[in-house]
Amino acid sequence: MKKYTNIQDIESIPEIIKEAIQLKQQPYQFEEIGQHKTLVMLFFNSSLRTRLSTEKAAKNLGMQVMILHVNEAWNLEFEDGAIMNMNSAEHVKDAAQVISQYADVIALRAFPTLKDKEKDISEYVLNSFVKYASVPVVNMESATAHPLQALTDAITIEELKTKSRPKVVLSWAPHPKALPHAVANSFVQMMSELEVDFSITHPKGYELDSEITKEIPIHYNQEEAVKEADFVYVKNWSSYAEYGEIVSQDSNWMLSKERLGAAKFMHCLPVRRNVVVADSVLDSENSVVIAQANNRTYAAQIVLKKILENL
Ligand code: CP
């Protein structure tokens with residue numbers, strides 16, 4: 001694997017899921033592969049799971065890890081040919097090349113502005129690092145994608161499914177803040193590649209990018225949509241059409257235990273309890289969110305392993 005910026009970088013999804021599950025059984029079996037290799041993790045935004053699971057994954061492979069909270073470093077310029085007489089002290093062209101002197105792999109988290117749609121869709125932060133770094137880049141959640149989370153989710157479904165073609169539903173949920181589309185986008189893309197009966201449910205106005213959802217069925221009635229589901233993945237996102245806006249906060253979309261039924265409850269976390277989902281769901285045996293969080297390590301580890309094998 002040359003990079004991991006979206007799930008299209010995976011050669012075979014069924015194969016990588018299988019390998020990740022095997023790796024989970026013996027996480028230290030490849031600890032030689034990362035000897036004398038360094039992962040530099042760059043954070044433009046906050047993280048708990050991605051930060052810790054990716055570091056753990058790298059260390060399981062014998063790598064050294066360095067972390068930079070970019071907002072504590074120099075303010076980066078991304079525009080080619082910019083006259084840098086304002087707030088930006090360093091161009092990404094220089095920064096990415098310099099970081100590549102210290103890193104064998106760069107992992108990067110940079111959320112969208114949710115204000116400038118065109119700029120966000122261009123993935124200018126992630127793509128600038130891909131362009132100027134001389135080492136592979138891993139996406140730890142960008143403006144439009146969270147491929148490590150999507151691989152985690154696929155691993156979790158594979159481990160927990162009880163039928164060959166489970167029914168999986170992605171449901172929007174209310175949230176007081178405008179959130180990105182990245183988790184939902186990558187989950188949709190991943191489910192489109194798996195042997196699952198997949199649909200999406202959300203209120204009108206929360207349609208995701210149609211280039212991503214393509215022909216996937218969309219339902220506007222959550223109760224109907226989740227009936228007899230095996231997995232219900234709950235996530236908030238802001239409007240894509242009215243870019244970055246909150247067009248509904250309808251609390252009827254908070255997933256209840258009654259509505260979940262016998263399905264397994266999935267969420268990438270962090271989650272706002274009793275806003276996005278009821279305590280009674282999160283604290284029930286149906287919730288697999290901690291198993292999901294655990295699998296973040298093995299998703300990151302299999303990706304790093306494949307990148308290290310290609311160095
Ligand atoms: N799910 C996820 O990416 O969690 P963090 O934002 O805490 O990394």
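Below, each value reflects all heavy atoms present in this structure, side chains not excepted, and no hydrogens, waters or symmetry copies. Atoms within a ligand are numbered from 1 in the order they appear, just like the ligands themselves.
- For ligand 1 and Arg296, the ligand atoms under 4.0 Å from any heavy atom of the residue are 1 (N), 2 (C), 3 (O).
- Only one option out of Lys305, Gln26, Gln301 pairs with Asn60 in a side chain to side chain donor-acceptor pair (under 3.5 Å); it is Gln301.
- Comment: Glu158 engages Lys161 in a salt bridge, judged by a side-chain N to carboxylate O separation of less than 4.0 angstrom.
- At a heavy-atom distance under 4.0 Å, no atom of Val183 approaches ligand 1.
- Considering backbone and side-chain atoms together, Thr50 places an N or O closer than 3.5 Å to an N or O of ligand 1.
- Using modelled atom types, one finds no donor on one side chain facing an acceptor on the other under 3.5 Å when comparing Thr152 with Asn295.
- With no hydrogens or angles considered, no side-chain donor-acceptor pair links Asn139 and Tyr4 at under 3.5 Å.
- Where the criterion is an N or O separation shorter than 3.5 Å, residue side chain and backbone included, Pro270 fails it with respect to ligand 1.
- At a heavy-atom cutoff of 4.0 Å, ligand 1 is contacted by the side chain of Gln149 but not by its backbone.
- Heavy atoms of other residues, nucleotides or ligands lying less than 6.0 angstrom from CG of Asp279 number more than 12.
- With a heavy-atom cut-off of 4.0 Å, Arg109 touches ligand 1 through its side chain alone.
- Counting only heavy atoms of the protein, atom 1 (N) of ligand 1 lies nearest to Leu269 O, 2.8 Å.
- Here CD1 of Ile200 is found 14.0 Å from NZ of Lys235. Values are rounded to the nearest 0.5 Å.
- In this structure, Lys119 forms no cation-pi arrangement with Phe78, as its terminal cationic atom is not both closer than 6.0 Å to the ring centre and no more than 45° off the ring axis.
- Below 4.0 Å from some heavy atom of His146 lie the following atoms of ligand 1, by number and element: 2 (C), 3 (O).
- Of all atoms in ligand 1, numbered sequentially from 1 with element shown, those under 4.0 Å from a heavy atom of Cys268 are 1 (N).
- Under the 6.0 Å distance and 45° angle rule, Lys167 does not count as a cation-pi partner of Phe231.
- Arg49 NE, 2.9 Å is the protein heavy atom nearest to atom 4 (O) of ligand 1.
- In summary, the atoms of ligand 1 found under 4.0 Å from a heavy atom of Leu48, numbered by their order in the structure, are 5 (P), 7 (O), 8 (O).
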